[in-house]
Engineer: 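Quick one: the structure is below, questions incoming.
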Amino acid sequence: RHFMEALAIDRKLGDPMITAHALAYMSQTVQALGETAEAEVLLRESLALAQAIGYSSGMGHALDGLGRLAQLTSPDEARGLFAASFDVYKEMGDLRNQTRVLGHQGYNSLLLGDIADAHNSFIAVLRLAREGGYVPYALDALAGLASLQTKRGNVDQAFEFLLIVLDHPAGIRETRNRAAHLRAELET
């Protein structure tokens with residue numbers, strides 16, 4: 001409800017940057033409610049507004065959001081969206097968002113079965129996270145590397161990564177859930 005009110009005010013003000021921003025964040029809430037199609041509509045509108053005014057950060061955010069949605073049904077399409085988002089953030093010099101999008105690309109590569117690309121993405125995340133001090137993204141990459149180690153049959157190495165992730169106080173909920181789920185699978 002609050003997003004709807006904010007969006008109505010943003011539209012009335014006529015500021016496309018604020019509107020693009022509100023649409024992108026509203027899409028996350030709508031997606032959390034299970035309304036994937038509506039989330040995509042909001043992100044596409046956000047992307048169009050951001051492109052029209054040259055709002056790079058808004059473009060990167062919308063492309064990443066569309067990639068995360070596409071990942072559910074079309075990981076090949078998601079790969080292109082993540083790459084486009086990464087390129088926008090790289091051009092801006094936005095290290096934090098480059099790191100975040102590379103993590104999304106790593107998990108997308110896992111879905112595609114592209115182990116080499118997943119590995120390269122997660123290693124790149126670790127490098128960028130160390131450079132920028134983005135510990136939550138590094139932990140997410142370690143969870144991704146644990147998945148890779150599991151696929152390779154290196155269960156002990158996978159457990160080591162998972163214990164680091166699960167024991168670190170800077171982990172975000174999504175990463176902790178991913179790590180806990182993989183740990184439960186390995187324990188059985």
Side-chain angles (χ1 to χ4, degrees), residues 3 7 19-52 54-92 94 96-126 128-129 134 136-137 139-152 158 165 172-182 185:
F3 272 124
L7 190 56
T19 303
H21 200 67
L23 286 164
Y25 280 104
M26 186 172 163
S27 74
Q28 293 175 351
T29 301
V30 170
Q31 184 181 359
L33 295 171
E35 299 175 22
T36 306
E38 178 65 18
E40 183 176 353
V41 168
L42 294 168
L43 283 168
R44 291 208 182 276
E45 184 180 353
S46 175
L47 179 60
L49 283 171
Q51 288 172 326
Y55 176 36
S56 297
S57 182
M59 287 185 276
H61 187 76
L63 288 164
D64 181 54
L66 288 167
R68 294 202 66 181
L69 287 176
Q71 192 173 26
L72 302 171
T73 57
S74 179
D76 285 321
E77 179 185 352
R79 178 176 274 186
L81 291 163
F82 289 138
S85 178
F86 178 82
D87 289 345
V88 168
Y89 288 131
K90 186 174 183 179
E91 186 176 310
M92 292 173 52
D94 185 337
R96 183 180 71 77
N97 281 313
Q98 288 176 58
T99 306
R100 181 176 53 83
V101 172
L102 274 175
H104 296 162
Q105 179 69 314
Y107 283 102
N108 190 65
S109 294
L110 276 176
L111 286 173
L112 288 166
D114 189 343
I115 302 303
D117 189 65
H119 180 266
N120 292 339
S121 292
F122 292 134
I123 294 300
V125 168
L126 290 175
L128 291 173
Y134 311 122
Y137 297 136
L139 294 170
D140 198 48
L142 286 177
L145 289 170
S147 294
L148 286 175
Q149 293 302 324
T150 300
K151 289 183 182 300
R152 293 177 175 157
V165 171
I172 60 172
R173 184 179 335 168
E174 183 180 2
T175 300
R176 286 184 184 280
N177 290 346
R178 184 179 287 137
H181 179 73
L182 181 57
E185 283 181 8

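Just so it is clear, the values below take in all heavy atoms, side chains as well, and ignore hydrogens, waters and symmetry mates. This structure is a prediction, so every number in the text was calculated from the model and none was measured. Starting from 1, each residue takes its place in the sequence as its number.
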Engineer: Where the side chain of Asp114 meets the backbone of Ser109, is there a donor-acceptor pair that is under 3.5 Å apart?
Structural biologist: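 Not at all, since once roles are kept as given, no pair shorter than 3.5 Å links the two residues.
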Engineer: Side chains of Met59 and Tyr55, heavy atoms from C-beta outward: is any pair under 4.5 Å?
Structural biologist: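 Side chain of Met59 against side chain of Tyr55, heavy atoms only: no contact under 4.5 Å found.
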Engineer: Hey, does the side chain of Ser46 reach the backbone of Leu42 with a donor-acceptor pair shorter than 3.5 angstrom?
Structural biologist: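 No, because the side chain of Ser46 does not come within donor-acceptor range (under 3.5 Å) of the backbone of Leu42.
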Engineer: Contact between Thr175 and Val165 at the side-chain level, heavy atoms closer than 4.5 Å - yes or no?
Structural biologist: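 Yes, at least one pair of side-chain atoms sits under 4.5 Å.
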Engineer: Working to the nearest 0.5 angstrom, can you tell me the gap between Leu66 CG and Ser27 OG?
Structural biologist: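 The OG atom of Ser27 is 8.0 Å from CG of Leu66, to the nearest 0.5 Å.
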Engineer: Supply the atom-to-atom distance Ser74 OG to Leu69 CG, rounded to the nearest 0.5 angstrom.
Structural biologist: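 One finds 12.0 Å between OG of Ser74 and CG of Leu69.
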Engineer: Using side chain to side chain contact (heavy atoms under 4.5 Å, CB included), reason through Asp87 and Glu91 one step at a time and then give a plain yes or no.
Structural biologist: CA-CA 6 Å; Asp87 289 345; Glu91 186 176 310; over 6 Å; no
Engineer: Are the side chains of Asp117 and Arg79 in touch, meaning some heavy atoms are under 4.5 Å apart?
Structural biologist: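 Sidechains of Arg79 and Asp117: in contact.
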Engineer: With heavy-atom distances below 4.5 Å as the criterion, would you say the side chains of Arg96 and Tyr89 are in contact?
Structural biologist: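 No, side chains not in contact.
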Engineer: Any sub-3.5 Å donor-acceptor pair from Ser85's side-chain atoms to Phe82's backbone N or O?
Structural biologist: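 A pair under 3.5 Å: no.
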Engineer: State, to 0.1 Å, how close Ala20 and Ala50 come at their nearest heavy-atom pair, and which atoms those are.
Structural biologist: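 Closest approach of Ala20 to Ala50, heavy atoms only: CB-N, 4.2 Å.
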Engineer: Compare all side-chain heavy atoms of Ile123 with those of Asn120 and state whether any distance is below 4.5 angstrom.
Structural biologist: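 Of all side-chain heavy-atom pairs linking Asn120 with Ile123, none is under 4.5 Å.
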Engineer: Are Glu77 and Leu81 close enough that some pair of their side-chain heavy atoms sits under 4.5 Å apart?
Structural biologist: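 Touching, per the 4.5 Å side-chain cut-off.
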Engineer: Kindly determine whether Asp140 and Val125 satisfy side chain to side chain contact (heavy atoms under 4.5 Å, CB included), including the steps that lead there.
Structural biologist: CA-CA 9 Å; Asp140 198 48; Val125 168; over 6 Å; no
Engineer: Please report the shortest heavy-atom distance between Leu111 and Gln71, naming the atom on each side.
Structural biologist: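 Here Leu111 and Gln71 meet closest at CD1-CG, 3.4 Å.
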Engineer: For the atom pair CG (Asn177) and CD1 (Ile172), what is the distance rounded to the nearest 0.5 Å?
Structural biologist: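 Going from the CG atom of Asn177 to the CD1 atom of Ile172 covers 9.5 Å.
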Engineer: Taking all non-hydrogen atoms of both residues into account, name the closest pair between Val30 and Ala39 and its distance.
Structural biologist: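 So the two residues come closest at CG1-N, 3.7 Å.
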Engineer: Would you say Leu43 and Arg68 make side-chain contact, with heavy atoms under 4.5 Å?
Structural biologist: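 Result no, sub-4.5 Å side-chain heavy-atom pair not found.
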Engineer: What are the two closest non-hydrogen atoms of Ala143 and Leu182, and how far apart are they?
Structural biologist: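 Answer, listing the atom of Ala143 first, then Leu182: O-CD2, 4.3 Å.
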Engineer: For the residue pair Phe122 and Tyr107, does the interplanar ring angle fall in the parallel (under 30°), tilted (30 to 60°) or perpendicular (over 60°) class?
Structural biologist: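 Aromatic pair Phe122/Tyr107 classed perpendicular.
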Engineer: Between Ser56 and Met92, what is the shortest heavy-atom contact and its length?
Structural biologist: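 What the structure gives for the nearest pair is CB-SD, 3.5 Å.
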Engineer: Could you state the interatomic distance from NE2 (His104) to CG (Asn97), rounded to the nearest 0.5 Å?
Structural biologist: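 With rounding to 0.5 Å, NE2 (His104) is 9.5 Å from CG (Asn97).
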Engineer: Looking at every non-hydrogen atom in both residues, tell me the closest pair between Arg100 and His61 and how far apart they are.
Structural biologist: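 Nearest heavy atoms, Arg100 then His61: NH2-ND1, 4.4 Å.
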Engineer: Going through the distances and angles, do Leu145 and Leu126 end up as a side chain to side chain contact (heavy atoms under 4.5 Å, CB included)?
Structural biologist: CA-CA 10 Å; Leu145 289 170; Leu126 290 175; 3.6 Å; yes
Engineer: Report yes if the side chains of Arg152 and His119 come closer than 4.5 Å at any heavy-atom pair, otherwise no.
Structural biologist: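 Yes, their side chains come closer than 4.5 Å.
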